[in-house]
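Just so it is clear, the structure is predicted and the values come from calculations on it, not from any experiment. Throughout, a chain's letter reflects where its sequence line sits, starting with A, and its residues are numbered from 1.
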Amino acid sequence: MTNLEPAVEATAADTAEPPAEASGDAPVRSGWRMLLPTMTPWLATGLVLIVGITLFGLIGPFLVGDPDQIRDMGLTGPSAEFPLGTTQIGQDVLAQLAYATRGSLEIGFLVGVLATILSCFFGIYGAYRGRFVDEAFSLLSNVFLVIPGLPLVIVISGFVPRESRGLWTIAVVLAVTSWAASARVLRAQTLSVRNRDYVAASQVSGERPWRVITVEILPNLLPVIASQFVFAVIAAILGEAGLAFIGLGASNSSTLGTMLFYAQNGFALPLGAWWWFVPPGLMIALFGMGLSIVNFSIDEIINPKLKNVRLHRRQARRAARRERRLARSSRGAAGGVPEPEVSDR
Amino acid sequence: MTSVRVTDLVKDYTLRSGLKRTRLRAVDHVSLELVPGRTVALVGESGSGKSTIAKILTRMERPTSGKVDVRLDDGAEVHGAAYRREVQMVFQDPFASLNPFHSIEHHLARPLRIHKRTRTKEETRERVLEMLERVNLTPAENLAPRRPHELSGGQRQRVAIARALAPGAQVLIADEPVSMLDVSIRLGVLNLLGRLQREDDLAVLYITHDLATARHFSDEIVVLYRGRVVERGPSDAVILDAHHDYTKLLAAAAPDPERPGSVAADRGPVDRDAIDNSVCYDHFAGEWREAGVPAAETKERTA
């Protein structure tokens, strides 16, 4: 660069760049905030459902009596002593519901974590390495994708002897059969992210592959992973309920599925004992609904179409706020009463 | 001080369509040399192999054949992790080359930590601020914790330049560093590159398709056409005294402010396949040579 005239460093073009942006006291926004969905009535509903049911599962068991205690009162409807009535052998349905919710949440969370780890490994690592590894992992997830899930789960659960069929066995079986779809989603996303320049730049600066994956690529996939995790939890709770309902559930824990299983065995439906089967069914439905609603909100961040809508909404809100402030200040100058500030969050 | 000698670089890509496989030679026996303190401009149209050369030099791609020889002043060859330290790259698109998730500080701190330029957290932070100030990003304390999306294109490209220099790089590959920027801030970024080059005595490979900036900011111009070098020489000589048809075409395509209304299209459509890329005019030797053959075997040719 020897053809340069001397001392051209601080040219007009150089200083013409907007320096104001840099020197202002603009708040420093964290990268995490960009990943969080905007609070909407829908999201709030979903969160209330999830948090409520989770709290019930966590705290409920401490507040109710022994769910297995047998009384000689038989099948009775809701009463002051037993708000949700009793089962055929006089067990407290509310107590059972509390323990069963805890059991179902445990298994849902466990399977969600396991399936997410599996799909991250096969989806992200495979796509990042490319070539042979990618082909092999893709083949594997395609194979798992076409294996019919529930029949396989039934076969595996049936194969494991009842004594050793614990919570973990069921969780592993469910996780192994459910990771494939999200692995494909993550693979597609990773293929797009790994070709971005910033990944190349970090490779050029000498970053190790595992660091490129975990520090540069993974954070940009977090919304997708979160959504896949939520789906995995829903699928796991439903899958476990299905298994337990046909009598192949974990032997040492009670879940919403086992409750339904016993209700079915105790002829709850023919006897019209709605308080026995409606609460667990409703619990599953509401929890699934809450998770789905949260997932729709996460979708706002992932889906490029919705992402723009969200940005525009934000811009519109900001513009409206500015306008209000302007109107207020001009009215204030004219001696008017200031309008109360309207919060937009 | 580090210099790079590229000899007979060849890169073939295999194209598959159905069962048919064809070979595309993206780079065909390109040789060039980067010396501390000097800038070599690599000029050519899209698809001429410029970026492939950049990728090979930064070890993102392996050459099919040929040699990239990076040597320190004492003649020691640079390998492995040291290569990453010595040879760095500034990417074309500043909107894509910074990770939207991470702060500016992260982008500069990582190369420092990887290459063990700093030991403690405080030292790293201090160096990051120093580097930001070095690329005219002030106030540095204010900018360091920001995310890339809060910066303008020019500011981002300065961050990218600072990142490339962070490991202590002596060889800088700048792949169209200003083509994505506003015209008004291009000069500022180029002048910044020029100043950093003088301060650190960097060897720079400036990849561009813009002959005007190439002439202004480089000592030597190498013109690429369809993977081959078709003309090389001191920058003024190549532009003012273009010999090869393709260079003439490039020079004519640049609008000339002194002749308003003059555009290359005046001369009618050009048959690009008729442009001969088997010959190369070497201004240093003042003669035509064969292109696309190993450097040792090039014979003088009359065009």
Original post:
Is the side chain of B:Asp175 donor-acceptor paired with the backbone N or O of B:Ser51 at a distance under 3.5 Å, no angle test?
Top reply: no
**OP:** Tell me, for A:Arg211 versus chain B, whether the close heavy atoms (under 4.5 Å) come from the side chain, the backbone, both or neither.
**Re:** side chain
**OP:** Report yes or no: does A:Glu216 contribute a side-chain atom to a donor-acceptor pair with the main-chain N or O of A:Ile213 at less than 3.5 Å?
**Re:** no
**OP:** With sequence neighbours excluded, tell me which residues meet side-chain contact (heavy atoms from CB on, under 4.5 Å) with A:Val48.
**Re:** none
**OP:** Please state whether the side chain, the backbone, both or neither of B:His107 comes within less than 4.5 Å of a heavy atom of chain A.
**Re:** neither
Subject >> B:Glu199/B:Arg134 salt bridge by N-O under 4.0 Å criterion >> reply: yes
Subject >> Region of B:Arg110 in contact with chain A, defined by heavy-atom distances below 4.5 Å >> reply: side chain
**OP:** Let me know which of A:Phe229, A:Phe122, A:Phe231 forms a ring pair (Phe, Tyr, Trp, His ring centres under 6.0 Å) with A:Trp179.
**Re:** A:Phe122
Original post:
Do side-chain atoms of B:Asp182 reach the backbone of B:Ser184 as a donor and acceptor pair under 3.5 angstrom?
Top reply: no
Original post:
What part of B:Arg163 is in contact with chain A, defined as an atom under 4.5 angstrom from a non-hydrogen atom: side chain, backbone, both or neither?
Top reply: side chain
Original post:
Does the distance from a Lys or Arg side-chain N to an Asp or Glu carboxylate O, for B:Asp236 and B:Arg215, drop under 4.0 Å?
Top reply: yes
Original post:
Non-hydrogen atoms of chain A under 4.5 Å away: do they reach the side chain of B:Ile114, the backbone, both or neither?
Top reply: side chain
Original post:
Contact part of A:Val193 toward chain B, heavy-atom cut-off under 4.5 Å: side chain, backbone, both or neither?
Top reply: neither
**OP:** Give the ring-plane orientation class for A:Tyr125 versus A:Phe137, where under 30° counts as parallel, over 60° as perpendicular and anything between as tilted.
**Re:** tilted
Original post:
Are B:Thr213 and B:Tyr206 close enough that a side-chain donor and a side-chain acceptor fall under 3.5 Å?
Top reply: yes
Subject >> residues 200-207 of chain A: residues contacting chain B (heavy atom under 4.5 Å, by number) >> reply: A:Ala200, A:Ala201, A:Gln203, A:Val204, A:Ser205, A:Gly206, A:Glu207
